[in-house]
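Bear in mind that the values here come from a model prediction, so they are computed numbers and not experimental data. Quick note on labels: first sequence line is chain A, next is B, and so on, each numbered from 1.
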Amino acid sequence: MASPLTVASGSRYNDINTFQQLSLLHQSPRLESSKSVGQLKQFHAFIIKTGSPQHQTQILYDKIISLSRGNEIENLSLQNPQVYLYNFIIQCLSNANPLEAIALYREMLIKGLLPNTYTLPYVLKACWQSQSLRVGQQVHAYSMKTALLSNVYVFNTLMRLYAVCGLIKAVHKLFHFRQHPQAQRDLVSWTTLIQAYVKMDYPTEAILSFFDMCQANLRPDGMILVIVLSACSKLGDLSLGIKIHRYITDNHFNLSPDVFIHNALIDMYLKCGNIPSARKVFDEMPVKNVVSWNSMIAGLTHRGQFKEALDIFRRMQGLGLKPDDFTLVCVLNSCANIGWLELGKWVHTYLDKNHINTDGFIGNALVDMYAKCGRIDQAFGVFRSMKCRDVYSYTAMIVGLAIHGKAWKALDIFSEMSQVGIEPDEVTFVGVLSACSHAGLVEEGCKHFLDMSRVYNLQPQTEHYGCMVDLFGRAGLIREALDLIKSMPLVPDAFVWGALLGACKIHAKVELAEIVMENLVRFEPEGDGAYILMTNIYSSKNRWKEALKLRKKMKERKVKKTPGCSLVEVYGEFYEFRKGDKSHPKTLEIYKLLDEIMHQSKNHGYIL
DNA sequence: GTAGGGTTAG
């Protein structure tokens, strides 16, 4: 006779295959009249098979509780009907109501029922869902006492608990613990270990474990290769990535249509800086999904290829594919970087039209886009309309206000941030300090710089020292700027020396500039900024000989001057202009208009 | 009836 569990995939319920029908089923009296565990099992299997939404399992749970209070349980032929029912209910609740699931597990123990290898994985899942690590550790102890830990499902789920809680040492210890060698380790155990390393930012350990796994004669599957590729991405190790790619192609475990592998390859090639290979995988993959497009767009954005990223987005739209949150965040990021306000506004309208929630990533990206595209008021509007604001939202707003020279407003937002209890991070302080420096707020800048370590336990990095040097330098406090550099616990880098050289230019400190210049060239031998700035300093003092000498030195050292470039977008078309550029067909009209703007600016009192 | 996958920000 067939087991009742096979019925769900058999003939009896084949006609029921949608959630709507499932929901009707729950409202029908059929379940109420289920008087045997056999029928319950059928429903159970059915619900698991169809992935019923949580509110429906809640309905089922209530019904089962009422059933189990009846006498039917006593008449059942199952070995352990009560444990079975508890397992089932705990499983149903482990997502939607994990604390209740844990309470039921405790109830089982109090009643003297023995949890089995099915119970513990569900309870452990409830533990990470409800962040109940302590309970998880109790389950760990119980599993050792009862030898249930030797079951590979219990073992793997326990590893996952520690991985989800970020306890990488506990994951490692559990995996390698020699005192319970009876614990089986399968491909899932290795996957959990390797993924935990990747998630916790230990990509080298992930790769080493992968090699250990291969040594142990386990054959990797598609899932583990995806994780290993993401470790290569994190390492930026192209040659390793290529080796894994070759391994996949040579062994092609029927993986050729695996969209996950292809997406991971695209991400790996882009993060490792090989754009042509990423494009090749993308163009040749047989099946693409939205993540394939997102990986391309995100990867190109990450590499600073904003126009190319938006070209991919246009191709996606041309094919009528629907973008998701990831796509739109990347698109907004590219818009922010090239100043394409019109496309950014289009994304905003799209979000409104499709009733997409602008909290979280999307809202933060909108704030950043508007601020960087020069629309600080709109940025502020979006910021205020967000129901949930996090450290990223506040930072985007503060940095935006700093760029626009609205220092006091930036400081207001910063104090609002601490009032609502959101902790600033290092980037927030870059915004705060640069706001102070642009507005010449020396006292406020010093206070916030000291607060970083005193109040927020954040160690200033070279960017923060750079901001402070800039702040002192602009205010003419060269002595203070020099003292700060001398007191630095870090080696001053190009950011710091560059700020000081800028100050030398403003205040015409030629001798100091010469010393700073030497330092700066040591850090950035290929950079042209220091040479240009220094040449300008000599020229401003009419020391033409030195200026010429420096230009000659630049030539000798083969330092090339990067031409300044402006990017203007008109109706979706981009126009690039370089110094003295006369390549545009409407050059005459453009220069005429520029002259007019210069003239009017001078009339309004601007010094050009 | 149980466990493991890729892409996003300042």
K.L.:
Does A/Arg279 come within less than 4.0 Å of A/Asp311, counting only side-chain N to carboxylate O?
P.N.:
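Judged by the 4.0 Å cut-off on N to carboxylate O distance, A/Arg279 and A/Asp311 do not form a salt bridge.
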K.L.:
From B/dA9, B/dT2, B/dG5, pick the nucleotide closest to the side chain of A/Val226?
P.N.:
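Ranking B/dA9, B/dT2, B/dG5 by closest atom to the A/Val226 side chain puts B/dG5 first.
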K.L.:
Nearest to the A/Val391 side chain among B/dG5, B/dG10, B/dA9, which nucleotide is it?
P.N.:
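Out of B/dG5, B/dG10, B/dA9, the nucleotide with an atom closest to A/Val391's side chain is B/dG10.
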K.L.:
Within less than 4.0 Å of OP1 or OP2 of B/dA3, is there a side-chain N or O belonging to A/Arg160?
P.N.:
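No, no such contact exists.
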K.L.:
If you round to the nearest 0.5 Å, how far is OH of A/Tyr105 from OG1 of A/Thr119?
P.N.:
8.0 Å
K.L.:
Identify whether any heavy atom of A/Asn151 sits under 4.0 Å from a base atom; if not, whether one sits that close to sugar-phosphate; answer base, sugar-phosphate or nothing.
P.N.:
nothing
K.L.:
For A/Ala298, answer base if it contacts any base atom (sugar-phosphate contacts may also be present), sugar-phosphate if it contacts only those atoms, and nothing otherwise; contact means non-hydrogen atoms under 4.0 Å.
P.N.:
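The answer is sugar-phosphate, as A/Ala298 gets under 4.0 Å only of primed atoms, P, OP1 or OP2.
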K.L.:
Below 4.0 angstrom from OP1 or OP2 of B/dG10, is there any side-chain N or O of A/Asn333?
P.N.:
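The answer is yes; a side-chain N or O of A/Asn333 sits under 4.0 Å from OP1 or OP2.
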K.L.:
So, are A/Arg384 and A/Glu416 salt-bridged, with charged N and O less than 4.0 Å apart?
P.N.:
yes
K.L.:
For residues A/Leu193 and A/Ser209, determine if any side-chain heavy atom of one lies less than 4.5 Å from a side-chain heavy atom of the other.
P.N.:
yes
K.L.:
Rounding to a whole Å, what distance do you find between A/Tyr197:OH and B/dG5:C1'?
P.N.:
19 Å
K.L.:
Return the value, rounded to whole Å, for the distance between atom CD of A/Gln82 and atom P of B/dG1.
P.N.:
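To the nearest whole Å, that distance equals 21 Å.
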K.L.:
Of all the choices, B/dG5, B/dT2, B/dA3, which nucleotide is nearest to the side chain of A/Tyr122 once you look at every atom?
P.N.:
B/dT2
K.L.:
Would A/Phe260 count as stacked on B/dG5 if the rule is ring centres under 5.5 Å and plane angle under 30°?
P.N.:
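Given the distance and angle limits, yes, they stack.
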K.L.:
Go through B/dG10, B/dT7, B/dG5 for me and flag the one nearest to the A/Ser295 side chain.
P.N.:
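Nearest to the side chain of A/Ser295 among the choices is B/dT7.
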K.L.:
For A/Tyr456, look at atom OH and say whether over 12 heavy atoms of other residues, nucleotides or ligands are found less than 6.0 Å away.
P.N.:
yes
K.L.:
Just call it for A/Asn116: base, sugar-phosphate, or nothing, with non-hydrogen atoms closer than 4.0 Å on any strand.
P.N.:
nothing
K.L.:
Can you say whether a donor on the side chain of A/Thr192 sits under 3.5 Å from an acceptor on the base of B/dG4, or the other way round?
P.N.:
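For A/Thr192, whose side chain was compared with the base of B/dG4, there is no donor-acceptor pair (under 3.5 Å).
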K.L.:
How many Å lie between CD1 on A/Ile90 and C1' on B/dT2, as a whole number?
P.N.:
12 Å
K.L.:
Please determine, for the side chain of A/Asp221, which listed nucleotide (B/dT7, B/dG4, B/dA9) has the closest atom?
P.N.:
B/dG4
K.L.:
Output yes when at least one side-chain N/O atom of A/Gln195 is less than 4.0 Å from OP1 or OP2 of B/dG5, else no.
P.N.:
yes
K.L.:
Among B/dG10, B/dG5, B/dG4, which nucleotide has an atom closest to any side-chain atom of A/Val188?
P.N.:
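My answer, after comparing the listed nucleotides, is B/dG4.
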K.L.:
Quickly work out the A/Leu300 CG to B/dT8 P distance and round it to whole Å.
P.N.:
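Those two atoms, CG and P, are 12 Å apart.
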K.L.:
Between B/dT7, B/dG10, B/dG5, which one does the side chain of A/Val427 approach most closely?
P.N.:
B/dG10
K.L.:
Rounding to an integer number of Å, can you tell me how far A/Phe175 CZ sits from B/dA3 P?
P.N.:
19 Å
K.L.:
May I have the distance from A/Ile227 (atom CD1) to B/dA3 (atom C1'), rounded to whole angstrom?
P.N.:
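Atom CD1 in A/Ile227 sits about 12 Å away from atom C1' in B/dA3.
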K.L.:
Examine B/dT8: is either OP1 or OP2 under 4.0 Å from a nitrogen or oxygen in the side chain of A/Lys271? Give yes or no.
P.N.:
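Yes, because at least one side-chain N or O of A/Lys271 sits under 4.0 Å from OP1 or OP2 of B/dT8.
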K.L.:
Any base atoms under 4.0 Å from A/Thr117, or only sugar-phosphate, or nothing? Heavy atoms, all strands.
P.N.:
base
K.L.:
Among B/dG1, B/dA3, B/dG10, which nucleotide has an atom closest to any side-chain atom of A/Asn87?
P.N.:
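Side chain of A/Asn87 sits closest to B/dG1.
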K.L.:
Look at all strands and tell whether A/Asp425 reaches a base, only sugar-phosphate, or nothing, counting heavy atoms closer than 4.0 Å.
P.N.:
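Result for A/Asp425 = base.
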K.L.:
Counting side-chain heavy atoms from C-beta on, which of B/dA3, B/dT7, B/dG1 comes nearest to A/Asn156?
P.N.:
B/dA3
K.L.:
Between A/Trp293 and A/Phe313, does a ring pair (Phe, Tyr, Trp, His ring centres under 6.0 Å) hold up when you go through it step by step?
P.N.:
CA-CA 8 Å; A/Trp293 292 88; A/Phe313 176 61; 9.6 Å; no
K.L.:
Does the side-chain hydrogen bond (donor to acceptor under 3.5 Å, both in side chains) test come out yes or no for A/Asp267 and A/Ser233, once each step is laid out?
P.N.:
CA-CA 7 Å; A/Asp267 179 59; A/Ser233 301; 3.1 Å; yes
K.L.:
Considering every strand and a 4.0 Å limit on heavy-atom distances, what is the contact class for A/Asn364: base, sugar-phosphate, or nothing?
P.N.:
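Base contact.
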K.L.:
Give the rounded distance in Å between these two atoms: CG of A/Leu148 and P of B/dA3.
P.N.:
16 Å
K.L.:
Donor-acceptor pair under 3.5 Å: do we get one between A/Asp186's side chain and the base of B/dG4?
P.N.:
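No, no donor-acceptor pair under 3.5 Å.
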K.L.:
Rounded to the Å, how far apart are A/Leu265 CG and B/dT7 P?
P.N.:
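Distance check: A/Leu265 CG to B/dT7 P gives 12 Å.
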K.L.:
Has A/Tyr84 got its ring stacked on B/dG1, by the test of a centre gap below 5.5 Å and a plane angle below 30°?
P.N.:
no
K.L.:
Just compare B/dA9, B/dT7, B/dG10 and give me whichever is closest to any side-chain atom of A/Asp390.
P.N.:
B/dA9
